[in-house]
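Step one of this worksheet: look at the structure below.
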Amino acid sequence: PHKQIFLVFNTLSLFSLFSTKTKYSVFLLLLSQITMFSLNGTNFPSDSLSGVSRCLIQSRKKVYFPMVVASVSPNGRPADRNVSVLMENTLKEIKENSPVIEKDSKSTVTGGVGDVYGEDSATEDQTITPWNFSVASGYSLLRNPHYNKGLAFSEKERDSHYLRGLLPPVVFNHELQVKKLMNNLRQYDVPLQRYMAMMDLQERNERLFYKLLMENVEELLPVVYTPTVGEACQKYGSIFRRPQGLFISLKEKGKILEVLKNWPEKKIQVIVVTDGERILGLGDLGCQGMGIPVGKLSLYTALGGIRPSSCLPVTIDVGTNNEKLLKDEFYIGLRQRRARGQEYAELLDEFMSAVKQTYGEKVLIQFEDFANHNAFDLLAKYGTSHLVFNDDIQGTASVVLAGIMAALNLVGGNLAQHKFLFLGAGEAGTGIAELIALEMSKQTGAPLEETRKKTWMVDSKGLIVRSRMESLQHFKRPWAHDHEPVKELVNAVKLIKPTVLIGSSGTGKTFTKEVLQAMATFNKKPVIFALSNPTSQSECTAEEAYTWSEGRAIFASGSCSS
């Protein structure tokens, strides 16, 4: 209590412009039953000064002493009107001359054994400026994408938010805005132009962006994500206008916790992170892979209902091995070859720890488009300590399994009665295969080792067989079965005779006419899934699958295909 009283009198001593009577009135106000509001809406009970002292002591950044805009007299009634007027007239000058407090010592809050990830400190109050608040209005409101409504501001809103003269006199409703924008988008012949127009809209009117996307999902989904986002990532440096998300590079090593604090939103629920090494089927795009987390989180909001302010796109920039990008004068990332080994691991570990300390242990971290050699290791390393999943290994697998189950309604039989052949044995291929085997084991009660034998894989060196075991990467070994070596896909199809052919190779035009005709010779309804993205890297198109199977194929693709 004595420390709190000291803070109060110290605060009062700042009001040198006030008379003794005014100081006494302010002192009584601080002790009275009044609820104050901070910048972020936190309430401080007026029956205790603990909120005052805690707020001033715990704040990690510079904070101003509280400024009071009302007063009471010693008998509990409103003080003299002249006193109140005096206080209101001098507020601005007090704020400009108020000293600041900085917190130099670390928080004493700890948890667990050493509080390794800072779960307890992550729950501390966010930085606040006590008893100050601001309302966006006027010109700044029109430049704030979170609240800007453009011509949809009503007459009343234009008056209350000081927008008169800053907008044309007409008032549009949201429906008319959507109609206008869709008309504009349809004028573009190049998909990348539509992508850029959508990103511009997101940066100036977020609410309208999501309304447009949600009401035109089928038409705009291929624009904001695959396949157009692939081209956007390839040209990201050239079309870059305004940063979206956090760029964390090797330059920030040792300072990632501070970098996360630079992000304006504090209540993050979902993070999509990539290191840009395996963007779709396009390979290493380095820092320019940011288009993937941005696009994916747009879908979290439009299709999943997650607030945009709760989503954080992140790119980890450790360099790139793409020589074309390293020589590109417009490339926006580090101009060095990729860091590997311990340097890479330390940066990722610092990032994962900082995320948990900043946003708590319940924040969802989605690994996106990491190369095989890192994807499996990261999932295994952090799967037990963080809320994580890998979209390429687990997310794709769940969607593809659902597609297979739907296809079986047309083909007939259950999973165990079918044979699967994959072209591509990376994250997506092995992830899908493992989930199929797990579901098959669940349905039949057979051991997982047995159900895996229903799936075969072809990689860049041919059919994965047991004789190649020693040279295989660890995630490919469960799919090495007894068989003679087979080099070509078409020969593997003829020998294995799969009922389901799945492409996850990232190499376009590999489901050739000969391959698909072979599938059609021993399958009445061959199931063909050409999943590689973007469309240019797809194993075949829907038209090719239908034509070369005489219209009998059941087809699915990773992106819109014709």
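Numbers for residues simply follow the sequence, beginning at 1.
- Note on ring orientation: taking the six-membered ring where Trp is involved, the planes of Tyr382 and Phe367 are tilted (angle from 30° to 60°).
- Rounded to the nearest 0.5 Å, atoms CD (Glu368) and NZ (Lys296) are 3.5 Å apart.
- Note that OG of Ser238 and CD1 of Ile332 are 10.0 Å apart. Values are rounded to the nearest 0.5 Å.
- With respect to Pro534, the side chain to side chain contact (heavy atoms under 4.5 Å, CB included) criterion is satisfied by exactly one of Ser532, Ser538, Ser536: Ser536.
- Between the CG atom of Leu141 and the CZ atom of Phe153 there is a distance of 4.0 Å, given to the nearest 0.5 Å.
- Because its NZ or CZ atom is not both nearer than 6.0 Å to the ring centre of Tyr331 and within 45° of the ring axis, Arg335 does not count as a cation-pi partner of that residue.
- Taking every heavy atom of both residues into account, Met214 and Ala302 meet most closely at CG-O, 3.5 Å.
- The neighbour count for Tyr147 OH, taken as heavy atoms of other residues, nucleotides or ligands under 6.0 Å away, does not exceed 12.
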Pair Arg164-Asp159, side-chain contact (heavy atoms from CB on, under 4.5 Å): steps then yes or no
CA-CA 6 Å; Arg164 286 292 176 187; Asp159 286 331; 2.8 Å; yes
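- The side-chain heavy atoms of Met199 and Phe209, taken from C-beta on, include a pair separated by under 4.5 Å.
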Just do the side-chain contact (heavy atoms from CB on, under 4.5 Å) check on Phe351 and Val273 with the steps written out, would you?
CA-CA 10 Å; Phe351 169 72; Val273 58; 4.1 Å; yes
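- In this structure the side chain of Tyr195 never reaches within 4.5 angstrom of the side chain of Tyr188, judged on heavy atoms.
- Looking at Asn216, its side chain does come within 3.5 Å of a backbone N or O of Leu212 through a donor-acceptor pair.
- Residues Leu142 and Arg204 have side chains not in contact (no heavy-atom distance under 4.5 Å, counting atoms from C-beta outward).
- Side chain of Asn321 to main chain of Arg337: no donor-acceptor pair is present (N/O by atom type, distance under 3.5 Å, no hydrogens or angles).
- Between the CD atom in Glu277 and the CG atom in Asn322 there is a gap of 11.0 Å [rounded to 0.5 Å].
- A 4.5 Å side-chain heavy-atom check between Glu258 and Glu252 finds every atom pair outside the cut-off.
- For Thr396 (side chain) and Ile393 (main-chain N/O), no donor-acceptor pair under 3.5 Å exists by modelled atom type.
- Salt-bridge annotation for Arg186 and Glu219: present, with a side-chain N of the basic residue lying under 4.0 Å from a carboxylate O of the acidic one.
- One finds a salt bridge joining Lys149 and Glu157 here, because a Lys/Arg side-chain nitrogen approaches an Asp/Glu carboxylate oxygen to under 4.0 Å.
- At least one side-chain heavy atom of Ser249 sits under 4.5 Å from a side-chain heavy atom of Leu334.
- For the side chain to side chain contact (heavy atoms under 4.5 Å, CB included) criterion with Met196, the lone passing option out of Ile239, Val190, Thr228 is Ile239.
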Taking it one step at a time, do Gln366 and Tyr300 satisfy side-chain hydrogen bond (donor to acceptor under 3.5 Å, both in side chains)?
CA-CA 12 Å; Gln366 174 181 324; Tyr300 266 82; 2.4 Å; yes
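- Closest of all the heavy-atom pairs between Thr315 and Pro293 is OG1-CG, 4.5 Å.
- Residues Cys233 and Leu285 share a closest heavy-atom pair of CB-CD1, 3.6 Å.
- Using a cutoff of 4.0 Å between basic side-chain nitrogens and carboxylate oxygens, Lys235 and Glu231 are scored as salt-bridged.
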Passes side-chain contact (heavy atoms from CB on, under 4.5 Å), Leu213 versus Val224? Steps please.
CA-CA 9 Å; Leu213 181 56; Val224 300; 4.0 Å; yes
Please determine whether salt bridge (charged side-chain N to carboxylate O under 4.0 Å, His left out) holds for the pair Glu265 and Arg307, giving the CA-CA distance in whole Å, both sets of side-chain angles, and the decisive distance to 0.1 Å.
CA-CA 11 Å; Glu265 304 294 344; Arg307 287 180 176 273; over 6 Å; no
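- In terms of heavy atoms, Gln202 sits closest to Pro145 at O-CB, 3.8 Å.
- Inter-residue side-chain proximity for Asp392 and Arg278 is flagged as met; some heavy-atom pair is nearer than 4.5 Å.
- The pair Lys211-Glu215 meets the salt-bridge criterion, with a side-chain N (NZ, NE, NH1 or NH2) lying under 4.0 Å from an Asp/Glu carboxylate O.
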Evaluation steps, side-chain contact (heavy atoms from CB on, under 4.5 Å), between Val272 and Val294:
CA-CA 8 Å; Val272 176; Val294 170; over 6 Å; no
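- The number of heavy-atom neighbours closer than 6.0 Å to CG of Asn183, taken from other residues, nucleotides and ligands shown, is above 12.
- The backbone N or O of Tyr359 sits nowhere less than 3.5 Å from a side-chain atom of Lys362 that would complete a donor-acceptor pair.
- No donor-acceptor distance shorter than 3.5 angstrom exists from the side chain of Asn148 to the backbone of Arg143, with no hydrogens or angles considered.
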If you apply the rule side-chain hydrogen bond (donor to acceptor under 3.5 Å, both in side chains), what do you find for Thr320 with Asp284, and how did you get there?
CA-CA 7 Å; Thr320 179; Asp284 187 351; 3.1 Å; yes
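- If you take CG on Leu221 and OG on Ser298, they are separated by 10.5 Å, rounding to the nearest 0.5 Å.
- Side-chain N or O atoms of Arg242 include one that pairs as donor or acceptor with a backbone N or O of Glu203 at under 3.5 Å.
- Taking a 6.0 Å sphere around CE of Met182, one finds it holds more than 12 heavy atoms contributed by other residues, nucleotides or ligands.
- Side-chain contact check for Leu378 versus Asn390: every heavy-atom pair is 4.5 Å or farther apart.
- Closest non-hydrogen pair, Asp317 versus Cys287, comes out as OD2-CB, 3.6 Å.
- Using a cutoff of 4.0 Å between basic side-chain nitrogens and carboxylate oxygens, Lys253 and Glu350 are not scored as salt-bridged.
- Under the 4.5 Å side-chain criterion, counting only non-hydrogen atoms from C-beta, Glu361 is not in contact with His386.
- Under a 3.5 Å cut-off, the side chain of Asn372 and the backbone N or O of Gly426 do not form any donor-acceptor pair.
- Residues Leu325 and Gln288 share a closest heavy-atom pair of CD2-NE2, 3.6 Å.
- In this structure, CG in Leu299 is found 12.0 Å from CD1 in Ile306, a value given to the nearest 0.5 Å.
- A salt bridge links Arg241 to Asp200: one of the charged nitrogens lies within less than 4.0 Å of a carboxylate oxygen.
- The side chain to side chain contact (heavy atoms under 4.5 Å, CB included) test with Leu312 singles out one residue from Ile271, Val355, Val270, and that residue is Ile271.
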